[in-house]
Number of protein chains: 2
Amino acid sequence: MVKVEEAIQQKQFKDPFNKAVVNLLYTNSYLVTSQNALFKPYGISPEQYNVLRILRGQNGVPTTVSSIQDRMLNKMSNASRLVEKLKVKGLVKRSECPNDRRQVDVLITEEGLKVLAELQVKVEQGNKDFVNLTLEEVNLLNDLLDKLRG
Amino acid sequence: MVKVEEAIQQKQFKDPFNKAVVNLLYTNSYLVTSQNALFKPYGISPEQYNVLRILRGQNGVPTTVSSIQDRMLNKMSNASRLVEKLKVKGLVKRSECPNDRRQVDVLITEEGLKVLAELQVKVEQGNKDFVNLTLEEVNLLNDLLDKLRG
DNA sequence: ATACATTATATGTCTATACATTTAATAGAG
DNA sequence: CTCTATTAAATGTATAGACATATAATGTAT
């Protein structure tokens with residue numbers, strides 16, 4: 001087990017809270033790097049995958065751009081541009097919302113569903129592999145993270 | 001306490017391991033957003049701050065670009081460009097390494113040390129505030145994160 | 001109905017990550 | 001010494017995050 005102190009060659013931290021922030025940023029980088037390797041062959045980014053997953057969760061009900069934004073992991077990400085990129089790839093459709101012409105209805109296409117299903121198997125297995133914890137430990141981690149942000 | 005399921009409006013996950021990956025990505029976003037607000041008035045990014053911190057840790061001994069890279073939280077970040085930006089701001093000095101002209105010695109300037117010291121107080125207090133856990137819980141979190149990557 | 005505020009989306013710009021490639025210097029083999 | 005491989009740093013280019021601003025449509029007060 002490589003402790004965060006060794007990984008970034010920092011001998012000590014102000015306190016365990018500051019260490020935890022650094023540890024979380026470093027662990028995030030570990031996860032993102034691991035996930036990127038998984039996604040690369042598919043020509044789709046983790047963020048784009050996440051948008052597809054949100055859309056499928058709607059079960060055929062069109063979703064607006066702002067609704068996608070609300071459900072993204074990173075609230076500062078730009079759903080508008082991600083949707084545009086997915087549209088270029090033919091994985092989503094965009095259409096003007098009839099009852100409010102400011103809004104845009106976004107729907108995942110058949111091709112999008114296909115790509116998503118294929119990717120999901122790999123991603124879900126990958127995520128399990130990346131997290132080297134017991135079931136008990138991972139449940140504890142989830143509770144701690146939820147509390148941390150509170 | 002807002003659970004990650006509510007925060008991103010996802011009802012369930014494949015398993016607790018997949019939930020943990022999502023939870024970590026989401027918590028990272030929470031921390032980065034919190035930190036950004038802190039850094040903004042100083043015109044310096046968290047990544048640039050981290051480079052300054054690494055340089056000061058050398059206690060006046062010049063550090064090469066690749067050595068900075070090794071110590072960064074994100075191993076894929078571009079130390080060369082971050083150093084260039086810090087140099088433009090007058091916070092670091094760059095000089096050719098005499099015994100190996102491929103390498104570049106990087107040193108933090110007096111101005112860099114001043115900015116770093118000022119920022120560090122805010123960042124360390126902020127990090128403590130962002131992590132809503134007891135001392136016992138945060139120690140446990142650090143252990144779980146170290147093991148997770150193992 | 002008009003004026004103004006609000007909302008949804010898109011766009012502009014900067015910073016950083018991700019990763020490939022280039023350039024220059026050094027190390028090592030013959 | 002010469003050729004080749006390796007290494008350090010810089011650079012090119014794509015994607016995304018951060019945040020301000022623009023544009024268009026809608027809601028609301030008068």
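In what follows, chains carry the letters A, B, and so on, assigned in the order in which the sequence lines appear, proteins first and then strands, with residues in each chain numbered from 1.
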TODO: Please state how far atom CD1 in A/Ile68 lies from atom C1' in C/dA10, giving the value in whole angstrom units.
DONE: 14 Å
TODO: Could you list by number each residue of residues 121-132 of chain B showing a heavy-atom separation from DNA chain C of less than 4.0 Å, or answer none if no residue does?
DONE: none
Open item on the list: Going by salt bridge (charged side-chain N to carboxylate O under 4.0 Å, His left out), name the residues that satisfy it together with A/Asp129, two or more places apart in sequence or in a different chain.
Closed with: none
Distances for protein N or O near nucleotides 5-7 of chain C N or O, under 3.5 Å:
unit_1: C/dT7; atom_1: O2; unit_2: A/Arg102; atom_2: NH1; d: 2.9

Open item on the list: More than 12 heavy atoms of other residues, nucleotides or ligands under 6.0 Å from NZ of B/Lys75: yes or no?
Closed with: yes
Open item on the list: Using OP1 and OP2 only, check whether a side-chain N or O of B/Ser80 sits under 4.0 Å from D/dA10.
Closed with: yes
- [ ] Taking all heavy atoms of B/Pro16 and all of A/Asn142, pick out the closest pair and write down the distance.
- [x] O-ND2, 3.2 Å
- [ ] Sequence neighbours left out, what passes ring-ring contact (aromatic ring centres under 6.0 Å, His included) with A/Phe39? Give chain and number order.
- [x] A/Tyr49
Open item on the list: If the condition is salt bridge (charged side-chain N to carboxylate O under 4.0 Å, His left out), which residues does B/Glu84 pass it with, not counting sequence neighbours?
Closed with: B/Arg94
Open item on the list: B/Leu52 and side-chain contact (heavy atoms from CB on, under 4.5 Å): which single residue from B/Leu82, B/Thr109, B/Ile108 fits?
Closed with: B/Ile108
- [ ] To the nearest Å, give me how far apart CG (B/Asp70) and C1' (D/dT7) are.
- [x] 13 Å
- [ ] Return no unless some side-chain N or O of A/Arg101 is found under 4.0 Å from OP1 or OP2 of D/dG27.
- [x] no
- [ ] Would you mind reading off the distance between B/Lys87 atom NZ and D/dA9 atom C1', rounded to a whole angstrom?
- [x] 14 Å
Open item on the list: Return a single string for nucleotides 14-21 of chain D, one symbol per nucleotide in 5' to 3' order, where B is base contact, S is sugar-phosphate-only contact and - is none, cutoff 4.0 angstrom on heavy atoms.
Closed with: -SSSBBS-
Task: Between B/Asp15 and B/Asn18: side-chain donor-acceptor atoms closer than 3.5 Å - done: yes
Task: Partner set under salt bridge (charged side-chain N to carboxylate O under 4.0 Å, His left out) for B/Arg53, not counting sequence neighbours - done: none
Task: Nucleotide C/dA8, atom P - distance to CD of A/Gln69 in whole Å - done: 11 Å
Open item on the list: I need the CG-C1' distance between B/Asn99 and D/dA8, as an integer number of Å.
Closed with: 13 Å
- [ ] Return the residues of residues 53-60 of chain A meeting this criterion: a heavy atom under 4.0 Å from some atom of DNA chain D. Order them by number, or give none.
- [x] none
- [ ] Using a 4.5 Å cut-off on heavy atoms from C-beta on, say whether the side chain of A/Pro46 contacts that of A/Asn50.
- [x] no
Task: All pairs passing ring pair (Phe, Tyr, Trp, His ring centres under 6.0 Å) where residues 1-31 of chain A contributes a residue, at least two apart - done: none
TODO: With a 3.5 angstrom cut-off on both distances, give the Watson-Crick or G-U wobble partner of D/dA20, or none if there isn't one.
DONE: C/dT11
Task: Atom-pair distance (CG on B/Leu25; P on C/dT17), nearest Å - done: 16 Å
- [ ] Nearest whole angstrom, please: distance from the P of D/dA10 to the CD of B/Gln103.
- [x] 11 Å
- [ ] Round to a whole Å and report the spacing from CG of B/Asp100 to C1' of C/dG28.
- [x] 15 Å
Ignoring hydrogens and angles, write down the donor-acceptor pairs under 3.5 Å from the side chains of residues 55-64 of chain B, residues two or more places apart or on other chains.
unit_1: B/Arg56; atom_1: NH1; unit_2: B/Gln120; atom_2: OE1; d: 2.7
unit_1: B/Arg56; atom_1: NH2; unit_2: B/Gln120; atom_2: OE1; d: 3.1
unit_1: B/Gln58; atom_1: OE1; unit_2: B/Arg71; atom_2: NH1; d: 2.7
unit_1: B/Thr63; atom_1: OG1; unit_2: B/Val61; atom_2: O; d: 3.4
unit_1: B/Thr64; atom_1: OG1; unit_2: B/Ser66; atom_2: OG; d: 3.4
unit_1: B/Thr64; atom_1: OG1; unit_2: B/Ser67; atom_2: N; d: 3.2

Listed pairs under 3.5 Å, donor-acceptor, residues 143-150 of chain A side chains, sequence neighbours left out:
unit_1: A/Asp146; atom_1: OD1; unit_2: A/Arg149; atom_2: NH2; d: 2.9
unit_1: A/Asp146; atom_1: OD1; unit_2: B/Val4; atom_2: N; d: 3.2
unit_1: A/Asp146; atom_1: OD1; unit_2: B/Asn23; atom_2: ND2; d: 3.3
unit_1: A/Lys147; atom_1: NZ; unit_2: B/Glu137; atom_2: OE1; d: 2.7
unit_1: A/Lys147; atom_1: NZ; unit_2: B/Glu137; atom_2: OE2; d: 3.4
unit_1: A/Arg149; atom_1: NH1; unit_2: A/Leu145; atom_2: O; d: 3.4
unit_1: A/Arg149; atom_1: NH1; unit_2: B/Asn23; atom_2: OD1; d: 2.8
unit_1: A/Arg149; atom_1: NH1; unit_2: B/Thr27; atom_2: OG1; d: 2.9
unit_1: A/Arg149; atom_1: NH2; unit_2: B/Val2; atom_2: O; d: 3.1

Open item on the list: Quick check for you: to the nearest 0.5 Å, what is the distance between B/Arg102 atom CZ and B/Asn99 atom CG?
Closed with: 10.5 Å
Open item on the list: Considering only residues two or more places apart or on different chains, which pairs with a residue in residues 19-47 of chain A satisfy salt bridge (Lys or Arg N to Asp or Glu O under 4.0 Å)?
Closed with: A/Glu5-A/Lys19
